[in-house]
Structure formats: structure tokens, C-alpha cells
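Read the numbers this way: they start at 1 and go in the same order the structure lists the ligands and their atoms. As the structure is a computational prediction, the values presented were derived from the model and not from experiment.
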Amino acid sequence: MATVSLRSRFEQDTTRFDRLSWSVAGLTVDLSKQHLDDETLPLLLDLAEAMDVEGQRAGLFAGDKVNVTEDRAALHVALRDPTDRSYVVDGEDVSVQLKYARGRMLAFAGHVVDGQRTGHTGERFDRVINIGIGGSDLGPRCAVTALADHAVSELAVEFVATVDGVALEDALAAATPERTLFIVCSKSFTTRETMTNADHAKRWLIDALGEAGVADHFVAVTAEPPVAIEFGITDDAIFPLWDWVGGRYSLCSAIGLSLALACGPQIFQRVLAGAHAMDQHFEMAPLAENVPVLMALLSIWNQDFWNTTALAVLPYDHRLRLLPAHFQQLMMESNGKGVRVDGGDVSFRTAPIVFGGSGAESQHSFMQQIHQSPKVVPVEFIVALDGQGEGDRDILVANAFAQSEALMRGLTSDEIPQNSGKNLVPHKACPGNRQSTTILLESLTPETFGALIALYEHRTFVEGTLWGLNSFDQWGVEFGKALASRLLSDLAVGRADAGHDSSTAGLLNAYLAQRPKTPS
Ligand code: F6P
């Protein structure tokens with residue numbers, strides 16, 4: 001394979017694009033610029049068979065405890081299934097409670113949007129502040145941004161995730177207490193960053209409206225209702241999550257409440273419909289025509305055979321600019337692991353380092369490296385073919401396709417005009433033969449957005465299956481949290497514990513020396 005360039009493959013086969021592109025749920029996925037010959041996919045499909053991808057897929061949809069270490073199912077597909085299909089968890093058909101919860105959440109969103117649900121003083125809400133982090137922030141934030149064309153104008157929807165105070169202060173500075181609705185988005189309702197921000201927001205609201213205002217201005221999306229009630233949120237303002245939905249897979253649950261508020265319940269339901277269309281494709285299509293499966297197999301092909309270590313996700317559409325951050329958590333928190341489901345060490349390098357950004361802007365930042373570095377980075381271009389202003393769209397689309405072509409073709413020395421002066425040829429040459437995938441959205445609609453989200457959820461699950469991982473736990477984040485608690489205890493007493501290494505102690509002391517003295 002390494003001796004046959006992609007360029008020559010295209011020169012020898014004019015049907016390559018037609019043979020290696022697939023259209024599903026409003027997306028066209030072009031895999032023809034990946035290192036594929038007639039043998040590659042059949043061999044990779046053998047790997048899928050050997051790793052029982054079909055069996056694992058069936059288990060996912062059947063509500064099996066695919067999240068082995070936490071003994072949980074991962075039923076994000078149930079969140080968006082409009083049919084009467086049963087989804088059984090621990091012997092109970094949860095599809096009824098799911099639909100009830102979805103209905104409650106959408107009704108609430110509708111009442112806020114149409115002014116039936118108002119604040120403590122009877123005024124309509126004009127601002128929603130979503131307080132959450134990780135999967136309780138990235139997915140909804142990305143969705144609200146991507147579908148801003150569908151926003152209902154009265155509500156400004158903002159997101160606060162980080163805990164340095166500035167993000168929340170900025171959001172509160174622009175907010176009117178009487179007209180602000182807070183969503184505390186937290187599956188555990190214990191995440192330190194989220195609860196710190198939520199407590200600060202509550203104090204801000206109580207200062208303006210008194211304790212009685214909390215119940216009218218706070219709602220919770222959580223798997224822990226009792227903790228939310230303790231916080232001061234009433235039962236009717238709590239929208240449930242379940243432990244069989246992973247945080248980074250939860251956009252189609254009430255975690256997406258901010259989207260339903262920003263764009264209205266109907267748009268939210270259209271996102272569900274798009275995601276469900278991709279779910280149906282993933283569940284039913286033969287593996288050889290199954291786009292999530294093919295994209296996952298190419299991840300293994302690139303990571304473990306072509307020895308790449310990263311993956312760039314480049315949306316060429318301002319509306320999709322937050323997609324890389326969401327996919328980064330989805331893929332790296334799911335499969336950035338070194339131990340197999342059975343506890344043994346993995347024999348692969350597992351998830352790529354996923355990064356990205358707005359494609360047009362990336363061309364003026366890191367694309368230099370992707371074209372000429374010895375390190376090859378596969379790219380996934382995401383291009384919406386609709387959009388504002390013909391001129392702008394032509395520039396965007398032409399650049400996206402040109403980047404993909406340049407990576408594939410390269411620029412050889414004999415294609416570079418010889419200058420009379422310095423020999424710049426070696427500096428201008430581009431090695432090429434660099435693989436990429438291009439995903440075309442015929443139009444960025446709620447449906448195609450939902451399908452795109454589901455596509456990446458399923459390719460992530462299949463990659464984890466192929467690497468033998470559990471894609472639904474995240475034990476690696478616990479250790480840092482525990483150490484942070486220990487350091488917070490030191491900061492509470494104003495002294496670094498003697499047990500720290502000299503770096504941690506030195507850093508703590510540097511901070512303590514600068515920390516504003518708390519008022520006596
Ligand atoms: O990063 C760890 C994590 O648990 C993520 O998986 C999750 O999306 C995020 O923190 C927030 O968790 P919660 O929704 O429980 O606040």
C-alpha cells in the first residue's frame with residue numbers, strides 16, 4: 001500500500017470517488033482519499049467480524065451492560081427513537097419513562113418560549129444560562145451554535161462551564177435576575193466546577209429576588225433528583241437523566257434543554273429525528289456499507305497501521321465551529337484508554353489526539369504542519385453545502401476541497417517553477433499522499449446535525465469495540481479530581497502539606513504568596 005500513492009490511485013481509477021463515497025441521512029461521506037485498495041476494506045471488515053462488531057452493536061441497541069466497569073447499558077439511541085420499540089434496562093422497559101421525560105422537557109421549553117412559564121415576578125425570561133461542563137456543556141453548546149439560524153429571538157442562551165469566576169461574572173453582568181433562567185446541567189450533581197457556579201448564581205438570584213425566587217429561576221437536568229431538591233430546585237423543574245446514558249452521549253436527552261429553549265421544541269425533535277435516521281442506518285446496514293463502521297475501521301487503519309497519532313476535525317462552516325470540541329470529548333474520553341474491557345493491557349495505541357477548529361481559520365494557523373510535517377495527521381473535513389451569501393460559500397467550499405486535494409496530491413519538485421535566485425523548491429514541495437475524509441451536509445438542518453452527531457457517536461463506539469475498550473467509562477478523570485481535593489484542603493489552611501513533591505509544594509506556595517488575603 002505504501003508504495004502506491006493516492007495520486008496514482010486516482011489517476012488509474014476515475015470511478016474511485018463513486019466507489020468509495022456513501023450517502024446516508026442527508027450526509028455524503030467521501031472516503032476515497034483514504035489509503036484504500038480493493039483488498040483493504042475486505043480485510044478491515046474481517047477485523048470487524050473477528051471483534052464481533054455486529055454482536056456488540058446488537059448489545060448496544062438491546063440495552064446490554066456494554067459499560068462493563070460501571071455495570072451499565074449505554075442507550076443513547078433510545079433517547080431519540082420515536083417508535084414504540086422497547087428498551088429494557090434491568091428487566092424494566094424504560095421507553096415509557098423516556099418518552100414521558102422527553103414530553104415534560106419539551107412542554108417546559110415550549111411554555112418558556114411562549115411566555116406561559118415566567119419568572120418569580122411574572123416577567124418572561126429573556127436569557128437562559130446553562131451551567132454545566134464536559135458532556136453537560138459541549139454538546140448543547142455546539143448544538144445551540146450550529147442551529148442558531150433556528151433560534152427563537154426572545155431568548156439569549158449562554159453557557160458557563162469553567163470555574164474561574166470570569167465566565168459566570170460575564171454572564172451575570174448581562175443578565176436581569178427577574179428574566180434569567182438557570183439550567184444546572186449535571187448528571188452527578190456533584191461536579192465541583194458546576195456546583196460552584198450554581199451556588200454563585202443562586203446567591204446572585206437570592207440577593208435580587210429572595211430565597212423564594214430560586215424555585216422559579218432554576219431547573220436541573222440530572223440523574224440525582226434528591227440532590228437537586230436539596231439545592232432548592234422543585235420536583236417539577238427537574239428533568240431526569242439516567243445512568244445508562246453517558247454524559248458525552250447525552251445531547252438527545254434533557255441535557256439538550258438549552259437547545260429546545262433556544263430553538264423551540266420542534267427543532268429539538270428534528271435533531272432527534274436526524275440522529276434516529278443515522279441510528280437506523282448503523283443498526284441495519286451491512287458492515288460493508290455502514291458508514292460509522294467504515295469510518296471506525298479507517299481509524300484503526302490510520303492509527304495502528306499507518307502509525308498516525310492525531311485526527312483533525314475541520315468544519316468549513318462557522319455554525320459548526322464548536323463541533324471539534326464536542327467530538328474531542330466524545331472520542332478522547334471514550335477511547336483514550338490503555339486497558340481492555342477485560343482488564344488486560346491493550347495492544348494498540350487506541351484513540352487519536354482529536355483536535356480541530358474552523359477550517360478556513362485553521363488554514364491560517366496549523367494547516368502548515370499538516371501539509372509539510374513528517375508527522376501525518378488524517379483530516380476529517382465537514383462541509384455544509386448550503387449557507388449564507390453565494391460568494392462566501394464559494395470561497396469556503398473551494399478552500400475545503402482544495403485542502404483535501406492538496407493533502408492527497410502533494411506538490412512535487414518538478415511541479416514547482418525554478419526560481420533564478422534561491423532554491424526554494426525543497427521548501428515549497430508538499431509530500432502529499434495524506435489521507436482525509438470529507439463529509440458533505442447537503443444542508444445544515446436540525447436533521448443533518450443530529451445525523452452527524454450520531455455518526456460520530458457510533459464510529460466512536462465501533463472504534464472502542466475494535467480496540468477492545470469500554471467506550472463509556474472515564475476512570476482516568478477521577479485521580480486528578482481526588483488530588484485537587486487534597487490541594488484544596490491545603491489552600492483552606494493556607495499551607496502546603498509536607499507530603500507533596502517539591503514542584504507541587506513550590507507551585508502551591510507561589511500561589512499562596514500571591515493569593516489575595518481573605519478579608520479578616
Ligand atoms: O469529565 C468527567 C465527566 O464526568 C464527563 O464524563 C461529564 O460529561 C462531565 O464530567 C460532567 O459530569 P456531570 O454531568 O456529572 O456534571
Identify all N/O pairs between ligand 1 and the protein with a separation under 3.5 Å and present them as a table of atom names and distances.
| from | atom 1 | to | atom 2 | distance (Å) |
| --- | --- | --- | --- | --- |
| ligand 1 | 1 (O) | Glu333 | OE2 | 2.9 |
| ligand 1 | 6 (O) | Glu333 | OE1 | 2.8 |
| ligand 1 | 8 (O) | Gly135 | N | 2.7 |
| ligand 1 | 8 (O) | Gln329 | NE2 | 3.4 |
| ligand 1 | 14 (O) | Ser136 | OG | 2.7 |
| ligand 1 | 14 (O) | Lys187 | N | 2.8 |
| ligand 1 | 15 (O) | Lys187 | N | 3.4 |
| ligand 1 | 15 (O) | Ser188 | N | 2.9 |
| ligand 1 | 15 (O) | Ser188 | OG | 2.7 |
| ligand 1 | 16 (O) | Ser186 | OG | 2.7 |
| ligand 1 | 16 (O) | Thr191 | OG1 | 2.6 |

message: Ignoring hydrogens and geometry beyond distance, is a side-chain donor-acceptor pair present between Asp137 and Asn130 at under 3.5 Å?
response: no

- prompt: Do His326 and Tyr456 have ring centres separated by under 6.0 Å?
  reply: no

task: Would you kindly say whether Ser95 and Asp93 are connected by a side-chain donor-acceptor distance under 3.5 Å?
output: yes

Pair listing, side chain to side chain donor-acceptor pair (under 3.5 Å) test, anchored in residues 240-253, at least two apart: Gln97-Trp242, Arg248-Glu333, Arg248-Ser334, Arg248-Gln474, Tyr249-Ser334

task: Quick one: list whatever passes side chain to side chain contact (heavy atoms under 4.5 Å, CB included) with Ala454, sequence neighbours left out.
output: Arg80, Ala275, Met278, Asp279, Glu457, His458

task: Output all residues satisfying side-chain hydrogen bond (donor to acceptor under 3.5 Å, both in side chains) with Thr234, sequence neighbours left out; order by chain, then residue number.
output: Asp236

